[in-house]
S.K.: 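To start, I am sharing the structure in question, which I have written as C-alpha cells.
Just so you know, ligand 1 is whichever comes first in the structure, and atom 1 is the first atom listed for that ligand. Any value given below was found using the heavy atoms of this structure, including those in side chains, with hydrogens, waters and symmetry copies removed. All residue numbers in this chain count up from 1 along the given sequence.
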Amino acid sequence: MKQYLLLGQTLSFSGNPLLAPWENVTHHNSAGGVLITGDRITAVDNADTQKRAHPDATIVDYGDALIHAGFVDAHMHYPQTRMIASWGKQLIDWLNTYTFPEESRFGDRAYADAVAADTLDLALAHGTTTLTSFCTIHPESVDAFFGAAAQRNMAVVAGKTCMDRNAPDTLVDTVKSAYDDSKALLEKWHGKGRATYAITPRFSPTSTPDQLQTLGDLWAENPDCLMQTHLSEQLPEIAWVKDLYPTSRDYLDTYETHGLLGAKGLYGHSIYLEPREIDRLAEVGAAVVHCPTSNTFIGSGLCDVLGLARAGVAMGLATDTGGGSSFSMLRTMAAAYEIGQLR
Ligand code: GUN
Ligand code: ZN
C-alpha cells in the first residue's frame, strides 16, 4: 500500500492537561514524522526513526511547521454562518431578531447546500475536520449538511433541530413531525460513511414537554445516536425555563425527566449549573461543550471549565458559530484561555 511520511514538528496528548501536570501529558517533537499508509495514520514517531523504518515512503517535508490532528468543533450552527457577528443583543433577543429569520431560509435546498458548502470549506481552511452542527427544522437542511460533508469525506455529527413552540410560524414543527422527520433522517444518515446523527431538541424553551419526551423515546430506540442541545447559557433563559417547567428541579431536569440525559448527550454552554446538575452530568458521563467566543460575544458568562473538569465532567470545545465569533479552533482555544484568566 502507498505510504507517505510527513515531516515537521508534532504535538500530541496522552491525558487531560486540566487534570494532570501539562508537561507530563503534552508531547512535542521538534523533528517528528507521521506515517500514512493508504488512508490511515499508522505511526507517529521521530523523523529519523521513521525514515530508516520506511525507506520507500514518499516524503512530504513541512520543515518546522506544526503537524497536528484535525480539530473537532463540538457545537456549531452551520445555518448561522451568514449571520456571524450580528451584534448588540443577548440570547433570546438575538435568536428572535437575527437567528430565526435566517434559519427560516433553510427550507430552500439550494440555499442550504450553498451555506453547508461554505461552512465546511471555512472549517477545513481553519484545520477543523470534524464538526457537530445543529441544522434547522427543515429536513432539507440536514440532507444538505450531510451531503456536503460526504463530498468532502468529513466526519460530521448533525441533526434536525426540533422546535414546537416559542419560535416563528416559519420555524416550528410538531411533536409528531419532530419524531417522524428525525427518525427518517437518522435512518438515512446515521452510520452512512463517516456521518453520525444527533437527535437535536434546540433547548427546553422551544420544545413542549411532549416534544422532549418523543425525542427521548427516539433516543431510547436508537441509543447509538448522539443527542445535542443547549443548557444554562444565560440567566434570563434559566428563569424562563423555570416558568415553563415549574415542576422541574433545575434546567437539566427538563431533559432528564424526558429521557434526554445520557452518556452520548452533548450540552452546549452549561455555564450556570447547580451542584445537582454537575453531579448528574458526571455520573452519567454526559459532556458539556464549552463555547468561549460565543459566551463572550452574546454576553453569556464565564464557564468554570476547570471546576467542571475536576468534578469529572467530560468536556468538548466549540466555536458555536454564529453566536461564536470565529471559525478558528486556535482562536477558540485562546478565548478559553482568556476566560480561564478572568475566572
Ligand atoms: N440557545 C438556543 N438556540 C441557540 C443558538 O442558536 N445559539 C446559542 N448560542 N444558544 C442557543
Ligand atoms: Zn448553540
S.K.: Which word best sums up how the rings of His75 and His230 line up, parallel for under 30°, tilted for 30 to 60°, or perpendicular for over 60°?
M.R.: perpendicular
S.K.: Strictly below 4.0 Å, N to O, side chains only: are Arg82 and Glu102 in salt-bridge contact?
M.R.: no
S.K.: Please determine if Asp93 and Lys89 form a salt bridge, counting it only when a charged side-chain N lies under 4.0 Å from a carboxylate O.
M.R.: no
S.K.: In plain terms, say whether Arg109 and Asp113 are close enough for a salt bridge, that is, a side-chain N and a carboxylate O under 4.0 Å apart.
M.R.: yes
S.K.: Using a strict 4.0 Å threshold on nitrogen-to-oxygen distance, state whether Glu103 and Arg202 make a salt bridge.
M.R.: yes
S.K.: Closer than 4.0 angstrom, basic N to acidic O: yes or no for Lys160 and Asp173?
M.R.: yes
S.K.: Can you list every protein residue that has a heavy atom under 4.0 Å from any atom of ligand 1, sorted by chain and residue number?
M.R.: His77, Gln80, Leu91, Trp94, Leu95, Arg202, Phe203, His230, Glu233, His269, Ser294, Ile298, Asp320
S.K.: CD of Glu140 to CG of Leu185: how many Å apart, nearest 0.5 Å?
M.R.: 9.5 Å
S.K.: Assess the side chains of Asp118 and Thr81: does a donor N or O sit below 3.5 Å from an acceptor N or O?
M.R.: no
S.K.: Ignoring waters, how many protein N/O/S atoms are under 2.8 Å from the Zn ion (ligand 2)?
M.R.: 4
S.K.: Can a salt bridge be assigned to the pair Arg280 and Glu283 using a cut-off of 4.0 Å between side-chain N and carboxylate O?
M.R.: yes
